[in-house]
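A quick write-up on the structure given underneath.
Residue numbers start from 1 in every chain, and the chains themselves are labelled A, B, ... in the order their sequence lines are given, proteins ahead of strands. Worth knowing before you read on, the calculation uses all heavy atoms, side chains too, and leaves out hydrogens, waters and symmetry mates.
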Amino acid sequence: MAIEPLHRWDLSPDEARALQRELAARVDATRALGPCRRIAAADVSYNKGDDRLFAAVVVVEAGTFEVVERSGLVAKAGYPYVPGLLSFREAPPVLEAFDRLADRPDVLLCDGQGIAHPRRLGIASHVGLWLGIPTVGCAKSLLCGSFDEPGPDRGDRSPLIHKKERIGTVLRTRSRVSPVYVSPGHLCDFEGAERLVMETTGKYRLSTPIRLAHDFVNELRRQGGAGGST
DNA sequence: GCGACAG
DNA sequence: ATCTTGTCGC
């Protein structure tokens with residue numbers, strides 16, 4: 001199951017933004033999210049003065065959160081961090097890690113925005129187009145848009161709006177704790193995105209699969225942080 | 001022109 | 001994202 005390349009990654013910032021506008025037109029954020037048995041989450045980590053990125057994808061069983069499979073790797077960063085262009089830096093290694101999975105999960109959660117992006121193509125949407133599976137963006141902070149502060153209890157939510165358009169949901173996953181910013185990546189609607197995040201969140205602020213991916217990728221970074229593998 | 005700006 | 005100690009609160 002090889003991933004068919006959609007486009008090149010070595011683009012100038014202006015070219016990258018133009019491509020995002022084209023790709024955003026192909027994103028489907030109206031599809032209802034079906035039952036998800038195998039849930040995956042991806043995350044990326046790196047050290048400050050190092051040009052290597054550590055990427056990981058963790059797959060868990062719905063309900064029990066039992067880890068079914070994990071995929072991790074180290075790769076050279078091919079793009080700098082530019083607000084709004086995060087996927088050009090982190091998507092390549094995430095796609096590579098995903099491609100190494102033995103079995104395809106039903107949905108992929110990404111640590112970042114979905115369509116809640118200035119040009120409606122956050123990393124979750126971008127990766128969703130490449131993979132052709134449902135993806136959901138769950139970010140810890142806001143990139144763009146405005147909203148009314150959601151209620152203080154777990155489950156309380158408020159629509160995220162940008163330029164008169166609905167782009168996501170500000171969701172309180174834990175009472176009295178800062179909310180997370182949820183938005184459809186691809187092949188998923190607002191309700192499905194909210195439901196997936198709520199159903200995968202327990203005693204912590206972040207979705208369990210995302211936390212597991214975060215822990216795993218940091219484990220890889222701290223362990224392989226000194227030198228390469230050559 | 002000024003401020004904001006996922007990870 | 002990462003660099004870092006203590007500290008407030010349940």
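- Distances shorter than 4.0 Å separate none of the side-chain N or O atoms of A:Tyr46 from OP1 or OP2 on C:dT2.
- Side chain to side chain, A:Thr173 and A:Arg205 fail the donor-acceptor criterion of an N or O pair below 3.5 Å.
- The side chain of A:Asn47 approaches C:dC3 more closely than any other nucleotide in the set C:dC3, B:dA6, C:dA1.
- Straight-line distance from the CG atom of A:Asp111 to the P atom of C:dA1: 6 Å, rounded to whole Å.
- Although no hydrogens or angles enter the test, the distance criterion places no donor-acceptor pair under 3.5 Å between the side chain of A:Gln113 and the main chain of A:Gly185.
- Contacts of A:Gly84 with the nucleic acid, taken as non-hydrogen atoms under 4.0 Å apart, include base atoms.
- Here A:Tyr181 does not pack flat against the base of B:dA6, since the 5.5 angstrom centre distance and 30 degree tilt limits are not both met.
- OP1 or OP2 of B:dG7 lies within a sub-4.0 Å distance of a side-chain N or O belonging to A:Ser141.
- A salt bridge links A:Glu96 with A:Arg100: at least one charged nitrogen is closer than 4.0 Å to a carboxylate oxygen.
- An OP1 or OP2 oxygen of C:dT2 is reached within less than 4.0 angstrom by a side-chain nitrogen or oxygen of A:Ser45.
- An OP1 or OP2 oxygen of C:dT2 is reached within less than 4.0 angstrom by a side-chain nitrogen or oxygen of A:Arg221.
- Under 4.0 angstrom from either OP1 or OP2 of B:dA6 there lies no side-chain N or O belonging to A:Lys140.
- Results of the side chain to side chain contact (heavy atoms under 4.5 Å, CB included) test with A:Phe54 over A:Asp43, A:Val217, A:Asn218 single out A:Val217 as the only residue that passes.
- Atom-to-atom, NE2 of A:His126 to P of B:dG7 comes out at 18 Å; the value is rounded to the nearest Å.
- For A:Gln113 and B:dA4, the CD to P distance is 18 Å, given to the nearest whole Å.
- Within the nucleic acid shown, A:Leu142 comes within 4.0 Å of sugar-phosphate atoms alone, with no base atom in reach, counting heavy atoms only.
- Summarising the geometry, the separation between CG on A:Leu86 and P on B:dG7 is reported as 8 Å, rounded to the nearest angstrom.
- In this pair, A:His126 and A:His7 present their aromatic rings tilted. The plane angle is within the 30 to 60° band.
- Here A:Asn218 does not reach the OP1 or OP2 of C:dA1: none of its side-chain N or O atoms lies under 4.0 Å away.
- The pair A:Arg172-A:Glu149 meets the salt-bridge criterion, with a side-chain N (NZ, NE, NH1 or NH2) lying under 4.0 Å from an Asp/Glu carboxylate O.
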For DNA chain C, the expected dot-bracket line (Watson-Crick or G-U under 3.5 Å, [ ] crossing, | inter-strand) is ..........
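- Look at OH on A:Tyr79: it is 16 Å from P on B:dA6, rounded to the nearest Å.
- If you take CG of A:Leu220 and P of C:dT2, they are 12 Å apart, rounded to a whole angstrom.
- One can place CZ of A:Phe54 at 16 Å from C1' of B:dG7, the figure rounded to the nearest angstrom.
- The interatomic distance linking A:Arg52 (CZ) with C:dA1 (C1') rounds to 15 Å, in whole Å.
- Counting non-hydrogen atoms under 4.0 angstrom, A:Leu85 reaches a base of the nucleic acid.
- Atom CG of A:Asp148 has 12 or fewer neighbouring heavy atoms from other residues, nucleotides or ligands inside a 6.0 Å radius.
- A salt bridge links A:Lys140 with A:Asp111; the closest basic N to acidic carboxylate O contact falls under 4.0 Å.
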